[in-house]
Protein chains: 2
Amino acid sequence: MRRDIFQAIADPTRRAILVLVAVQAMTPNAIAEHFDIRRQSISKHLRILSECDLLVPRQEGREIFYELKIDKMKEIDTWLDQFRKIMEESFKQLDEVLFTIKNKKK
Amino acid sequence: MRRDIFQAIADPTRRAILVLVAVQAMTPNAIAEHFDIRRQSISKHLRILSECDLLVPRQEGREIFYELKIDKMKEIDTWLDQFRKIMEESFKQLDEVLFTIKNKKK
DNA sequence: TATACGTGCAACCGTTCGGCTGCGCAAATT
DNA sequence: AATTTGCGCAGCCGAACGGTTGCACGTATA
């Protein structure tokens, strides 16, 4: 059973849940009202999101409020950093090429 | 057949391919050398990545170089922006609360 | 021209995914 | 004490996933 953030956010329903919960912590029932899906299926999604630490359940009586763990979202951002760096490097090389051309013209 | 960026980067092999190709455009064979997977399977991944515009094929004789389309990566970043904004709002509200407490103390 | 090479496509197969229903359990309400 | 409510778990099922093999086709090389 693969269970990483990228697999978690691959599903559109789960992405929508994350957005919902980002605004304020919500219970499974409250979340389910926003979708055309049975509560149990939402529960499955919440389980997956919790398992990879994107959500944290907070019990309150017989209700469970799921809260977004924003820090975990940063991991996606960190992954994107690689490409930002690589691209930066590419531009540096491009700059060098342009610089060389410039000098040749002299 | 779902086919969006998030589903594309859900697979670890595809993420690795993106990193490889980010450094320099590569052919399917060259990419396949980095994995314990048949060339045809890599081709499948390249097809998926191309279909959602993360990669662009450039034919050169009988070889095909796949190049990263960095712009498409920004879409992920754009999605993350929602959360950055929401969190910013939360902090503002927190600031207000703290401000109110502060004033009450006076 | 015949052969080797680089590639994509089609068909197959076991596993995973994402819905569903039915159930049991604990907390709240009556 | 009995009932309602909120929830998670287990099992089912069709579809999608990610690997495989075999093949066809265009391009380079002998």
Side-chain angles (χ1 to χ4, degrees), chain A residues 1-21 23-69 76 79, chain B residues 1-21 23-69 76 79:
Chain A
M1 200 191 307
R2 216 184 341 125
R3 196 119 304 176
D4 58 79
I5 325 179
F6 295 98
Q7 189 265 343
I9 64 165
D11 184 79
T13 304
R14 282 198 287 270
R15 285 201 300 278
I17 290 177
L18 288 175
V19 174
L20 269 179
V21 173
V23 179
Q24 59 174 353
M26 292 174 76
T27 65
N29 266 319
I31 295 169
E33 281 174 14
H34 291 78
F35 300 90
D36 263 352
I37 295 176
R38 301 266 166 237
R39 180 191 51 78
Q40 289 91 328
S41 300
I42 297 290
S43 260
K44 264 196 183 181
H45 286 307
L46 293 174
R47 187 168 179 270
I48 291 170
L49 291 171
S50 301
E51 275 180 4
C52 48
D53 276 325
L54 281 166
L55 255 45
V56 181
R58 175 168 41 86
Q59 188 102 24
E60 220 159 277
R62 65 181 168 187
E63 289 178 318
I64 300 177
F65 288 84
Y66 285 85
E67 197 167 354
L68 182 67
K69 215 171 164 183
I76 304 165
W79 183 73
Chain B
M1 197 191 311
R2 221 183 337 124
R3 195 119 305 176
D4 58 79
I5 324 179
F6 295 98
Q7 188 265 344
I9 63 166
D11 184 80
T13 305
R14 281 197 288 269
R15 285 202 300 279
I17 290 176
L18 287 175
V19 174
L20 268 180
V21 173
V23 179
Q24 59 173 353
M26 291 174 78
T27 65
N29 267 321
I31 295 170
E33 281 174 14
H34 291 78
F35 301 91
D36 261 352
I37 296 175
R38 300 264 166 239
R39 180 192 51 78
Q40 288 92 328
S41 302
I42 298 290
S43 259
K44 268 195 181 181
H45 286 305
L46 293 174
R47 187 169 180 266
I48 291 169
L49 292 170
S50 301
E51 274 180 6
C52 48
D53 276 326
L54 281 167
L55 254 46
V56 181
R58 176 169 41 87
Q59 187 102 24
E60 218 159 280
R62 65 183 169 186
E63 289 178 318
I64 301 177
F65 288 84
Y66 285 86
E67 198 167 352
L68 181 67
K69 215 172 164 184
I76 304 164
W79 183 74

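Reckoned from all heavy atoms, side chains included, excluding hydrogens, waters and symmetry mates. Chain identifiers are assigned alphabetically (A, B, ...) following the order of the sequence lines, protein sequences preceding nucleic acid strands; residue numbering begins at 1 within each chain.
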Can you give the donor-acceptor pairs under 3.5 Å from side chains of residues 54-61 of chain B to other protein atoms, not counting sequence neighbours?
| unit_1 | atom_1 | unit_2 | atom_2 | d |
| --- | --- | --- | --- | --- |
| B/Arg58 | NH1 | B/Glu60 | OE1 | 2.7 |
| B/Gln59 | NE2 | B/Gly61 | O | 3.1 |

Could you tell me which residues satisfy side chain to side chain contact (heavy atoms under 4.5 Å, CB included) with A/Arg39, sequence neighbours excluded, listed by chain and number? A/Asn29, A/Ala32, A/Ser43

Separation of D/dA16 atom C1' from A/Asp11 atom CG, nearest Å, is 12 Å

Starting the side chain at C-beta, find the nucleotide from D/dC17, D/dG8, C/dG8 nearest to A/Pro28. D/dG8

Quick check: any donor-acceptor pair below 3.5 Å linking the side-chain of A/Lys44 to the base of D/dG8? no

Can you name the ring-ring contact (aromatic ring centres under 6.0 Å, His included) partners of A/Phe65, sequence neighbours left out? none

Can you give the dot-bracket line for DNA chain D, using ( ) for pairs inside the strand, [ ] for pairs that cross earlier ones, | for pairs with another strand and . for unpaired bases, where Watson-Crick and G-U count if both distances are under 3.5 Å? ||||||||||||||||||||||||||||||

Can you list the residues that meet the side chain to side chain contact (heavy atoms under 4.5 Å, CB included) rule with B/Ala16, with sequence neighbours excluded? B/Phe35

Rounded to the nearest angstrom, tell me the gap between atom NE2 in A/His45 and atom C1' in C/dC20. 12 Å

Using whole Å, what does the distance between atom C1' of nucleotide C/dC9 and atom CD1 of B/Ile48 come to? 14 Å

Let me know, please, whether B/Glu63 or A/Glu60 comes out on the 5' side of the other along DNA chain C by nearest nucleotide. B/Glu63

Between A/Ile64 and B/Arg62, whichever has its closest DNA chain D nucleotide further toward 5' is A/Ile64

Just N and O in the side chain of B/Asn29: are any of them under 4.0 Å from OP1 or OP2 of C/dC5? no

Any base atoms under 4.0 Å from B/Leu46, or only sugar-phosphate, or nothing? Heavy atoms, all strands. nothing

Just call it for B/Phe65: base, sugar-phosphate, or nothing, with non-hydrogen atoms closer than 4.0 Å on any strand. nothing

Within the sub-3.5 Å range, which N or O atoms of nucleotides 22-25 of chain C have a protein N or O partner, and how far apart are they?
| unit_1 | atom_1 | unit_2 | atom_2 | d |
| --- | --- | --- | --- | --- |
| C/dG22 | O6 | A/Gln40 | NE2 | 3.1 |

Tell me: CZ of B/Arg14 to P of D/dA16, nearest whole Å? 15 Å

Kindly indicate, with the supporting measurements, whether the criterion side-chain contact (heavy atoms from CB on, under 4.5 Å) is fulfilled by B/Trp79 and B/Ile5. CA-CA 11 Å; B/Trp79 183 74; B/Ile5 324 179; over 6 Å; no

